[in-house]
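See below for the structure under consideration.
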Amino acid sequence: MSQFVGAAPLSVEVSSFRAPFDTTDADLIIHTSDDAKFAVHKIFLAVASPLLKRFLLSGSSSPCPPFEGLVLKRDGDLAIIKLEEDAQTTERVLQYCYPFSNPVLSSLNDVQAVLEMMRKFGMKGLISRVKGSLLQQAFLEDQPLRVFAIAYRYGLEDEARIAAKYTVRQPFFTPYVEELEHIPASVYHRLLQYHRKCSIATCSLTADFSWFPSFASRWVWFQCDDCVHHPLSWPLSDGKIYEVNAWFIDFMERARNVLRERPCGKVVADPFLIAECLEAASGCLTCRPAAFLDLSVFVGEHFAVEIDRAIDTVELDIPF
């Protein structure tokens, strides 16, 4: 008996039965909107979709409840379903219904089409298997607002909360995405509120140095007496007050400006942001040899980490 170890290729001739859904002992034919056909077994769809189970196993001539775009007919003992979904989406959903490996969903449009078909037919158990495809790193990095809206629409709370954290890595107002049409305006408003709260929480780190590590006073911007100092002095976690070189305060002010728009640890590690301050530090014979290393350690091991920790304390106040 053959075994299926992966998803079937999608490049199959239209109007033919699509392997591996071409078995001769099938008791159901699925006919898609683009004229592809799949020979399948009712039992797999009945298990995946309680909404289809009554029709598929009872011999009824119409589904209960009725589905938009679903046409049913019979040819003897063989049931035939005409769907409004296309072949690609149908095949992927069938691969989830059968004991195959999950299909590869290479775009958010693919993920959304599969989720929508599963929602339509009440395949709640299968929706959970699509979660990993939604949280692909490329999607989160490049299209977090779309990921958030899709996750919220289909009731994937954990995935929506993860995506929300990625939305703050982009500017406050991002370009419109169609997925916003499918979530309430109140949810989008609360997402913007979350972004603003993250900005406030992270910006506060640039004006209060009490979170600096206990050895922070060793960094060159606290040690150098040759540079111009900022007019204010700053308390550290050791309880002492220190003068600070003006070029470092300039770096923190620049960091505050970018954190207002994009509150995440990644933005303060921008080489251009760091380079501007290192250029100022290079004019000092004391700071020049130590500034790059000290600032790199500060940003990479402490500042960015503290920013992300501050974001973790901000609550996403959205009901699911």
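Remember, predicted model here, so these are calculated numbers, not experimental data. We count residues from 1, following the sequence as given. Note that these values count all heavy atoms, side chains included, but never hydrogens, waters or copies made by symmetry.
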Note to self: Centroid separation under 6.0 Å, is that true for the rings of W221 and F298?
What the structure shows: yes
Margin query: Taking the ring of F209 and the ring of Y242, is the distance between their centroids below 6.0 Å?
Written below: no
Check: Who pairs with R129 by salt bridge (charged side-chain N to carboxylate O under 4.0 Å, His left out), at least two apart in sequence or on another chain?
Finding: none
Margin query: Taking side-chain hydrogen bond (donor to acceptor under 3.5 Å, both in side chains) as the criterion, tell me which of E116, K124, R119 meets it with Y154.
Written below: E116
Notebook entry, point to check: When hydrophobic residues are tied together by side-chain contacts of less than 4.5 Å, even through go-betweens, does V228 share a cluster with F248?
Noted result: no
Next item on the list: List the steps, then state whether side chain to side chain donor-acceptor pair (under 3.5 Å) holds for S107 with N109.
Entry: CA-CA 5 Å; S107 74; N109 288 340; 4.9 Å; no
[X] versus [Y]: any side-chain heavy-atom pair under 4.5 Å?
| X | Y | result |
| --- | --- | --- |
| E85 | T32 | no |
| E91 | L94 | no |
| V177 | Q143 | no |
| L126 | V114 | no |
| Y188 | L145 | yes |
| D250 | R254 | yes |
| R153 | L115 | no |
| F251 | L278 | no |

Can you tell me how the ring of [X] sits relative to the ring of [Y], calling it parallel under 30°, perpendicular over 60° and tilted otherwise?
| X | Y | answer |
| --- | --- | --- |
| F303 | W211 | parallel |
| Y152 | F148 | parallel |
| F44 | H41 | perpendicular |
| F222 | F212 | perpendicular |

Any idea which heavy atoms bring [X] and [Y] closest together, and the distance?
| X | Y | answer |
| --- | --- | --- |
| P263 | I311 | O-CD1, 2.8 Å |
| H229 | C224 | NE2-O, 3.0 Å |
| A87 | F38 | O-CZ, 3.7 Å |
| I241 | S233 | CG2-CB, 3.3 Å |
| V220 | T286 | CG2-O, 3.9 Å |
| T202 | S199 | OG1-O, 3.2 Å |

Item checked: Donor-acceptor pair between R260 and N257 side chains, under 3.5 angstrom -> yes
Can you measure from [atom1] ([X]) to [atom2] ([Y]) and round to the nearest 0.5 angstrom?
| X | Y | atom1 | atom2 | result |
| --- | --- | --- | --- | --- |
| S49 | M118 | OG | CE | 11.0 Å |
| H31 | T90 | NE2 | OG1 | 10.5 Å |
| L180 | T174 | CG | OG1 | 7.5 Å |

Next item on the list: Kindly confirm or rule out a cation-pi arrangement of R169 over Y166, judged by NZ or CZ under 6.0 Å from the six-membered ring centre and within 45° of its axis?
Entry: yes
Where the side chain of [X] meets the backbone of [Y], is there a donor-acceptor pair that is under 3.5 Å apart?
| X | Y | value |
| --- | --- | --- |
| E279 | E276 | no |
| Q95 | S101 | no |
| D86 | D34 | no |

Check: Under a 4.0 Å N-O cut-off, is there an ion pair linking R218 with D294?
Finding: no
